[in-house]
Amino acid sequence: MKEAYFPQEIETKWQHTWEETNAFHTPDDSTKPKYFALSMFPYPSGKLHMGHVRNYTITDVIARFKKMQGFNVLHPIGWDSFGLPAENAAMKHGADPAKWTDENIAYMTKQLKMLGLSYDWEREVTTCKPEYYKWTQWLFLQLYKKGLAYKKEAAVNWCNSCGTVLANEQVIDGKCWRCDSVVEKKYLSQWFFKITEYAEQLLQDLDKLQGWGDNVKTMQANWIGKSQGAIFRFKVKEIEGLEVPVYTTRPDTVHGITYLVVAPEYKDIEKLTTPENKQAVEEYRANARKMTEIERLSTDRVKTGVPLGTHCINPFTGEEFPLWTADYALVEYGTGAVMAVPTHDTRDFDFAKKYNLPLKVVIAPESASSYDADNLKEAYTEEGILVNSNEFNGMKNTEAKKAITQKAVDGGFGEFKTQYRLRDWLISRQRYWGAPIPIVYCDKCGIVPEKEENLPVMLPTDVDFSVVGKSPITTSPTFKDTACPVCGGHATREMDTMDTFVCSSWYYMRYADAKNSEKCFDKDLVNHWLPVDQYVGGIEHAILHLLYSRFFTKALRDCGVLDFDEPFKNLLTQGMVLKDGSKMSKSKGNTVDPDEIFENYGADTARLFILSDSPPARDFDWSDAGVEGCYKFLNRVWRLVSDGVNKGLISKDYKIDFPLSRENDDLIRTVHIAIKGITNDISNDFQFNTVISKYRELTNAIYEWSGKKNEKSFTDEDKNVFSFAVTSLVKLMSPVTVHMSEEIWHELGYERSIHEENWCEWDENLAKASKITLVVQINGKVKDKIEVDEGANDEELKQFAILSPKIKELINGKEIVKTIVVPKKLVNIVVRG
RNA sequence: GGGCAUGUGGUGGAAUGGUAGACACGCUAGUCUUAGGAACUAGUGCGCAAGCGUGGGAGUUCGAGUCUCUUCAUGCCCACCA
């Protein structure tokens, strides 16, 4: 065996062998239990970055560990390959996005292989290939048939720089999630998926996701934004038969209404405006329309509004109050109209103060005897007792919510209402590089879905990428005109493509049956492999991809395509990879190129390091010294083994015969403790950082043990023990340092790949210490430590403690109040005086 | 404004309510070397010491980094959602 560790040589060799032997292929039929380990698939942007390396290494180690534990592991990879960067590159360089994408995939595939990842490449999935997007289109049609895909005219988020609309989830702080430019509002007719129909299920089923972090679950719950309240309908005084409905979560404050606000975009706003107010209202609305999302969302903005001139009547009190329009009412939420109770809502309070609208107190704190509206400094939004509220006076406001709503129900002017913040998912994109929406517009029949047998609707290639202000797809001379699938007459195709998040909402299902050309996947196979047992990826998808995928799964279940209702059983959201405390980015110039690390240290060092310093969920600070440290450690392990092998001290045919010498017994114990600890650390939340510290501890222990021996005096027993320890270490490390372990394994004389081996097992009796350090405390403070036999019982431990000279002196002359014994660990003597 | 995380040596981080700082990085000495940024050995929370130490303050407990309350700081998510 070579004395020095040459990672690149070893790694290239084994990568070739694994490829030639198809070592990581997963059969569908196996008697072993299944385990589906999944990384979020990459966008083929050009090169892997360290975030990828971290993500895929974590999943790879999990996959290999599970395989060694006897699971039939599915560990696939694919490409989220539709999307704007390819199209932009095409426009810039006049290239073909398909070619650009293919080249990136080829390069990144090479990098993934260099990392030694155990993917089943036969199941590779690429979303921009017709054999994939055919099924994306097919699934769209299933949703369409179910009434879950529909087209409507709506105010949508428009990103001018990307030249396309965006879903709500893709607008971050009023800016585009991709390019960061300010998002505008536009009125367009667009395709939506009815995700709102699943709002309640998506919320409820979060409880089923025991293996998800609470942070992600609360983010989703907040995004869905369920609230419970009431709808009240108010008659308009000036217009017979016209009503304004409002949604409120505070029906208990209904007697305190002093005005009502409708959004500038409210559908009946023109009817509600009197001729005298028309001009001011028109101006206000025009202004609101011009405003960008950013301006509207600005937190320090002063509220503005104008009166409409009309009035509503409060059915509870008979009081009249004026109607206003103000942009703090949102047309998309609730009914687009708000009942304003300035005394008990901070926003209404601000508005009322600014425009001198009246205040009326209807909730008082339980302690207060009276409450003066004129002197209010801010809205009272806490709980309390109803006042000025007729028959509800004296009632607790929490009870009044129900009672008051009930009165509205009985009176026919209101109802109980549950409201969600979640909006339908806008999936149309005015872009080229995506899956075409399989819809045609027939001159006679209107909107018609393409026939399933005509799929895929191929993305045209005869397009001009140099056009500005419109989608390149519209320049295709052959794409637009087609025959109606129903009547055969003239029709035109939908020119929009689908949001790429549609493609990524089902890719993990396709892995179950990646090559199927008859169906999107076989139902039995998808039911067998799914749900994913462990999903690993970035927290940035907490809402977007993960919510869409959950919706897709439920919708496809209802379409009868599959039989489960949650796609991802366990989710690990890995932290970011930082350098010098901030996120790696090209603009900051603090990126680390994986290729350079492979070249200088090898993939095993990269894998070891990226797992070593932080638990997976936390951010990880990349340091060059850390990489160096890991490389040195691997050299140290290599030297330990090569030395032993070359001196004939290690062999694969070892046998441990008890009893052993004291030192050998200790080493065996250390190995068993390591096996137990490492197994538990991986099983328990994948704490790879402590796993790696245990690799080091075990290595240190073996070195220390061998340092005590003179190699010439090595007995057969020593050789056996040494062999066992080294063999165990190499095996325990094999999921992480995949190449080095494989190389050593063969150097030890094994024929089979180490990755086909079973995971190490420990013997509970051997993992037990023979001596324990008894901690003796007085009044909870550590005062002494005594070595005692492992088998000592509680009474004996107490005696040891009291008899220790140190303790004897300290408790001398004091009264022992009580003594607490923690078996095999600690004695605490409580004294007084 | 609301929600969720996280606060431990010079640094990354360990620690089923029971020895705080495992394992590393860094640093300091030394050994071997022509030399070393290689390898090995010893040391390394603070304090001269008694002791003190897990952001601050309270509490529960024989015992709190860990549980409860409160407060501060940082990060992330959501945000005029009625």
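Each chain gets a letter, A, B and so on, in the order its sequence line appears, and its residues count up from 1.
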TODO: Sort out the partner of B/U31 for me: Watson-Crick or G-U wobble, both distances under 3.5 Å, none otherwise.
DONE: B/A39

Task: Nearest to side-chain heavy atoms of A/V782, which nucleotide of B/A82, B/C23, B/U19 - done: B/U19

Open item on the list: Between A/N314 and A/V254 (side chain of the first, backbone of the second, donor and acceptor by atom type, cut-off under 3.5 Å), is there such a pair?
Closed with: yes

Open item on the list: I'd like to know if A/K303 reaches the base of B/C80 with its side chain, counting only an N/O donor and acceptor under 3.5 Å.
Closed with: yes

- [ ] Using a strict cut-off of less than 4.0 Å between a Lys/Arg side-chain nitrogen and an Asp/Glu carboxylate oxygen, indicate whether A/D643 and A/K647 qualify as a salt bridge.
- [x] yes

Open item on the list: Donor-acceptor pair, distance only, cut-off 3.5 Å: does the side chain of A/T258 make one with the backbone of A/P358?
Closed with: yes

Task: Atom-pair distance (CD1 on A/I543; C1' on B/C76), nearest Å - done: 11 Å

- [ ] Would you please confirm or rule out a distance under 4.0 Å between OP1 or OP2 of B/A82 and any side-chain N or O of A/T248?
- [x] no

Open item on the list: Rounding to an integer number of angstrom, what distance separates B/U8 and B/C46 when you compare their C1' atoms?
Closed with: 14 Å

Task: Phosphate contact (B/A22 OP1 or OP2) by A/N689 side-chain N/O below 4.0 Å - done: no

- [ ] Starting at atom CG of A/N779, determine the distance to atom C1' of B/A64, rounded to an integer number of angstrom.
- [x] 16 Å

- [ ] State which of B/A82, B/G7, B/C40 makes the closest approach to the side chain of A/S227.
- [x] B/A82

Task: Interatomic distance at C1', B/G65 relative to B/G7, whole Å - done: 11 Å

Open item on the list: If I take atom CG in residue A/D624 and atom P in nucleotide B/G26, what distance separates them, rounded to the nearest angstrom?
Closed with: 11 Å

TODO: Please work out if A/R421 contacts a base, only the sugar-phosphate, or nothing of the nucleic acid, heavy-atom cut-off 4.0 Å.
DONE: base

Task: Proximal nucleotide (of B/G13, B/C77, B/C80) relative to the A/R618 side chain - done: B/G13

- [ ] In whole angstrom, give me the gap between the C1' atoms of B/G37 and B/C25.
- [x] 15 Å

Task: Span that lies between the C1' atom of B/C72 and that of B/G56, in whole angstrom - done: 7 Å

Task: Residue met sooner reading RNA chain B from 5', once A/T218 and A/W223 are mapped to nucleotides - done: A/T218

Open item on the list: Looking at A/P735, is its backbone amide N or carbonyl O close enough to the side chain of A/R607 to form a donor-acceptor pair, meaning the two atoms are under 3.5 Å apart?
Closed with: yes

TODO: Name the nucleic acid region contacted by A/E704, choosing base, sugar-phosphate or nothing; use a 4.0 angstrom heavy-atom cut-off, strictly under.
DONE: nothing

- [ ] Tell me what A/V775 touches on the nucleic acid: a base, only sugar-phosphate, or nothing, going by heavy atoms under 4.0 Å.
- [x] base

TODO: Using the C1' atom as the reference point in each nucleotide, state the distance between B/C23 and B/A15 in Å, no decimals.
DONE: 12 Å

Task: Donor-acceptor contact present, side-chain A/W212 to main-chain A/L572, <3.5 Å - done: no

Task: Watson-Crick or G-U counterpart of B/G26, or none if no pair lies under 3.5 Å - done: B/U44

- [ ] Identify the nucleotide, in any strand shown, that forms a Watson-Crick or G-U wobble pair with B/G21, with both distances under 3.5 Å; if there is none, say none.
- [x] none

- [ ] Starting from P on B/C78, measure out to CD1 on A/I224 and report it in whole angstrom.
- [x] 14 Å

Open item on the list: Checking A/R550 against A/Q220 for the side-chain hydrogen bond (donor to acceptor under 3.5 Å, both in side chains) test, could you report, in this order, the C-alpha distance in whole Å, the side-chain angles of both residues, the deciding distance, and whether it holds?
Closed with: CA-CA 11 Å; A/R550 294 183 61 222; A/Q220 291 213 355; 2.7 Å; yes

Open item on the list: Nearest to the side chain of A/S693, heavy atoms from C-beta on, is which of B/C40, B/A22, B/G51?
Closed with: B/A22

Task: Candidate pair A/F316 and A/F413, rule ring pair (Phe, Tyr, Trp, His ring centres under 6.0 Å), full reasoning - done: CA-CA 10 Å; A/F316 288 88; A/F413 49 87; 5.3 Å; yes

Task: Rounded C1' spacing from B/U54 to B/A22 in Å - done: 15 Å

Open item on the list: If I pick the P atom on B/A79 and the same atom on B/U74, what distance separates them, to the nearest angstrom?
Closed with: 22 Å

Task: Shortest side-chain distance from A/T690, nucleotide among B/G7, B/G3, B/A15 - done: B/A15

Task: base_contact_polar (B/G18 base, A/Q777 side chain, donor-acceptor, <3.5 Å) - done: yes

- [ ] Could you check how far CZ of A/F609 sits from P of B/C23, rounded to whole Å?
- [x] 19 Å

Open item on the list: Strictly below 4.0 Å: does A/N215 bring a side-chain N or O up to OP1 or OP2 of B/C77?
Closed with: no

TODO: Using both distances under 3.5 Å as the test, list the Watson-Crick or G-U wobble partner of B/U66, or none.
DONE: none

TODO: Take the protein atom CG of A/L810 and the nucleotide atom P of B/A50, then report the distance between them rounded to whole Å.
DONE: 13 Å

Task: G-U wobble or Watson-Crick pairing nucleotide for B/A14 (cut-off 3.5 Å, both distances) - done: none

Open item on the list: Students often get this wrong, so: under 4.0 angstrom with heavy atoms, is A/E697 touching a base, only sugar-phosphate, or nothing?
Closed with: sugar-phosphate

- [ ] Could you verify whether a donor N or O on one side chain and an acceptor N or O on the other, from A/S227 and A/Y247, lie under 3.5 Å apart?
- [x] yes

Open item on the list: So A/K694, base contact, sugar-phosphate only, or nothing? Heavy-atom distance under 4.0 Å.
Closed with: nothing

Open item on the list: Partner lookup for B/G9, please. Criteria are Watson-Crick or G-U wobble with both distances under 3.5 angstrom; report none if nothing qualifies.
Closed with: none

Task: Check: A/Y328/A/D350 side-chain N/O donor and acceptor closer than 3.5 Å - done: no

Open item on the list: Checking one value: the base orientation of B/G9, syn if chi is within 90 degrees of 0, otherwise anti.
Closed with: syn

Task: Whole angstrom value for the distance that separates C1' of B/G18 from CD1 of A/I829 - done: 14 Å

Open item on the list: For a quick check of understanding: with a heavy-atom distance under 4.0 Å over all strands, which category does A/V830 fall into, base, sugar-phosphate or nothing?
Closed with: sugar-phosphate

Open item on the list: If you only use heavy atoms from C-beta on, which nucleotide in B/A82, B/C80, B/G3 is closest to the side chain of A/D345?
Closed with: B/A82

TODO: Please determine if A/D681 and A/K694 form a salt bridge, counting it only when a charged side-chain N lies under 4.0 Å from a carboxylate O.
DONE: yes

TODO: Provide the Watson-Crick or G-U wobble partner of B/A82, both distances under 3.5 Å; none if there is no partner.
DONE: none

Open item on the list: Counting only side-chain heavy atoms from C-beta out, which of B/C62, B/A14, B/G18 sits nearest to A/K818?
Closed with: B/C62

- [ ] Among the candidates B/A82, B/G51, B/C77, find the nucleotide nearest to the side-chain atoms of A/K783.
- [x] B/G51

Task: Along RNA chain B (nearest heavy atom to each residue), the more 5'-positioned of A/D214 and A/Y333 - done: A/D214

Task: Closest listed nucleotide, where the reference is the side chain of A/K825 and the choices are B/G18, B/C23, B/C4 - done: B/G18

Open item on the list: Tell me whether the side-chain N or O atoms of A/N828 pair up with the base of B/C62 as donor and acceptor below 3.5 Å, since no angle test is needed here.
Closed with: yes

Task: Between C1' of B/U19 and CD1 of A/I778, the distance in whole Å - done: 15 Å

TODO: Would you tell me if any nitrogen or oxygen in the side chain of A/R639 comes within less than 4.0 Å of OP1 or OP2 on B/C40?
DONE: yes

Task: Nearest-Å distance once atom C1' is located in both B/U34 and B/C52 - done: 49 Å

